[in-house]
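Positions are given from 1 along the sequence.
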Amino acid sequence: MDELTQTKLGRPFFTRAEALDSGWSDRSLAAAVRAQYLHRICWGYYILSEVWEPLTLTERYQLKCQVTLHSLGPNVALSHVSAVVAHGLATWGVPLDLVHVTRLDGGSGRTEAGVVHHEGLCRDGDIVEVVGGLATVRDRAVVE
C-alpha cells in the first residue's frame with residue numbers, strides 16, 4: 001500500500017476504487033481499518049494510519065480539503081477558512097470541522113457530508129492553484 005499512495009499516486013491518500021484496482025477487496029479494506037493499518041478519511045478515501053496519526057489538527061484538515069477537491073473536481077475552489085488553511089495562514093481558533101468550497105459551475109449552495117458549498121461570484125484573478133486543486137486568493141479567503 002505504501003507504493004500505491006506515495007510512489008504511484010504522488011499523494012498520501014487513495015480511493016476505494018484505486019485500492020480495488022490494486023487487488024484489495026472491500027473486506028480487506030474494512031479489516032485494515034479495524035486493525036488500524038489504514039485510516040478512513042471519509043467515505044471512499046483512505047490513508048495509512050502511520051501517516052495520519054502524527055499529523056496536527058490543521059494538517060489533517062488540510063488533507064481533508066485535498067480529498068474534497070479530489071472528490072469534487074474542478075467545479076469548486078476551496079474558500080473561506082479552507083482557503084486560509086490552504087494558503088498556510090493562521091486560523092485563530094476558527095473551527096475546522098467543515099470544508100468550505102465555492103461553486104465555480106453555478107451549482108447551488110448546500111451543506112452535505114461535511115462540505116459547505118457556497119454560491120459565489122468569482123472574477124478573473126479570484127482563483128489560484130494550491131496543493132490539490134483550486135482556492136480563492138489569500139485576501140478574499142481572509143475576508144470570507
Side-chain angles (χ1 to χ4, degrees), residues 1-26 28-30 32-33 36-144:
M1 192 55 67
D2 290 317
E3 181 181 314
L4 176 64
T5 57
Q6 297 298 330
T7 306
K8 185 177 176 185
L9 301 175
R11 54 181 152 78
F13 61 87
F14 59 94
T15 67
R16 173 184 171 270
E18 291 164 341
L20 295 178
D21 287 346
S22 293
W24 286 68
S25 67
D26 285 328
S28 62
L29 284 170
V33 170
Q36 298 181 348
Y37 175 71
L38 296 178
H39 175 81
R40 191 177 80 128
I41 301 169
C42 63
W43 188 86
Y45 284 85
Y46 300 88
I47 188 170
L48 293 170
S49 292
E50 68 185 33
V51 175
W52 177 261
E53 290 303 323
L55 298 178
T56 66
L57 291 177
T58 301
E59 291 169 334
R60 289 178 180 187
Y61 180 75
Q62 190 170 33
L63 190 61
K64 287 179 183 181
C65 290
Q66 291 174 19
V67 164
T68 300
L69 288 174
H70 185 269
S71 171
L72 297 176
N75 294 325
V76 301
L78 294 175
S79 60
H80 299 74
V81 69
S82 301
V84 167
V85 170
H87 288 296
L89 304 173
T91 59
W92 296 303
V94 173
L96 301 178
D97 52 342
L98 299 171
V99 175
H100 293 263
V101 297
T102 294
R103 303 291 309 202
L104 303 176
D105 60 358
S108 63
R110 63 187 181 281
T111 300
E112 67 181 9
V115 180
V116 180
H117 296 254
H118 297 275
E119 297 178 59
L121 173 64
C122 292
R123 299 175 302 192
D124 287 342
D126 281 352
I127 305 297
V128 294
E129 287 199 34
V130 295
V131 175
L134 302 174
T136 56
V137 294
R138 294 167 71 118
D139 294 345
R140 177 176 171 156
V142 169
V143 171
E144 291 174 331

>> Please give me the minimum heavy-atom distance between T136 and A83, naming the atom from each residue.
In response: OG1-CB, 3.4 Å
>> I need the minimum non-hydrogen distance between E59 and P54, along with the two atoms involved.
In response: OE1-O, 4.3 Å
> Pick one: which of K64, Q66, H70, H39 meets side-chain hydrogen bond (donor to acceptor under 3.5 Å, both in side chains) with Y45?
Replying inline: H70
> Strictly by modelled atom types, are S71 and T68 linked by a side-chain donor-acceptor pair under 3.5 Å?
Replying inline: no
> At what distance, to the nearest 0.5 angstrom, does CH2 of W43 lie from OG1 of T15?
Replying inline: 9.5 Å
> How far does CG of L63 sit from CD1 of I41, to the nearest 0.5 angstrom?
Replying inline: 4.5 Å
> Would you say the side chain of D26 lies within less than 4.5 Å of the side chain of L20, judging by non-hydrogen atoms?
Replying inline: yes
> Which heavy atom in G125 sits nearest to a heavy atom in V137, and how many Å separate them?
Replying inline: O-CG1, 3.1 Å
> Distance from I47 atom CD1 to F14 atom CZ, nearest 0.5 Å?
Replying inline: 9.0 Å
> At what distance, to the nearest 0.5 angstrom, does CG of D126 lie from OG1 of T102?
Replying inline: 9.5 Å
> Looking at E119, H118, H117, which one forms a side-chain hydrogen bond (donor to acceptor under 3.5 Å, both in side chains) with R103?
Replying inline: H117
>> Could you check whether E18 pairs with R11 (Lys NZ or Arg NE/NH1/NH2 to Asp/Glu carboxylate O, under 4.0 Å)?
In response: yes
> Could you give the distance from CG (L134) to CG (N75), rounded to the nearest 0.5 Å?
Replying inline: 10.0 Å
> Is it the case that S82 and Y61 place a side-chain donor and acceptor less than 3.5 Å from each other?
Replying inline: yes
> Do you know which two heavy atoms are closest between V67 and C42, and how far apart they sit?
Replying inline: CG1-SG, 3.6 Å
>> Using side chain to side chain contact (heavy atoms under 4.5 Å, CB included), reason through L78 and H100 one step at a time and then give a plain yes or no.
In response: CA-CA 6 Å; L78 294 175; H100 293 263; over 6 Å; no
> Do other residues, nucleotides or ligands put more than 12 heavy atoms under 6.0 Å from the CG atom of D97?
Replying inline: yes
> More than 12 foreign heavy atoms under 6.0 Å from CD of E53: is that the case here?
Replying inline: yes
>> Pair Y46, V33 - check side chain to side chain contact (heavy atoms under 4.5 Å, CB included), show working.
In response: CA-CA 9 Å; Y46 300 88; V33 170; 3.8 Å; yes
>> Check whether S49 reaches the backbone of L38 with its side chain - one donor and one acceptor, N or O, closer than 3.5 Å.
In response: yes
> When you measure from the side chain of R140 to the backbone N and O of I127, does any donor-acceptor pair fall under 3.5 Å?
Replying inline: no
> Would L98 and V81 satisfy side chain to side chain contact (heavy atoms under 4.5 Å, CB included), going step by step from the backbone distance to the final call?
Replying inline: CA-CA 9 Å; L98 299 171; V81 69; over 6 Å; no
> Is there a donor-acceptor pair under 3.5 Å between the side chain of R110 and the backbone N or O of S108?
Replying inline: yes
>> Side chains of R138 and H87 only: does a donor on one sit below 3.5 Å from an acceptor on the other?
In response: no
>> I'd like to know whether C65 forms a side chain to side chain contact (heavy atoms under 4.5 Å, CB included) with V85, so could you lay out the CA-CA distance, the side-chain angles of the two residues, the decisive distance to 0.1 Å, and finally the verdict.
In response: CA-CA 9 Å; C65 290; V85 170; 5.6 Å; no
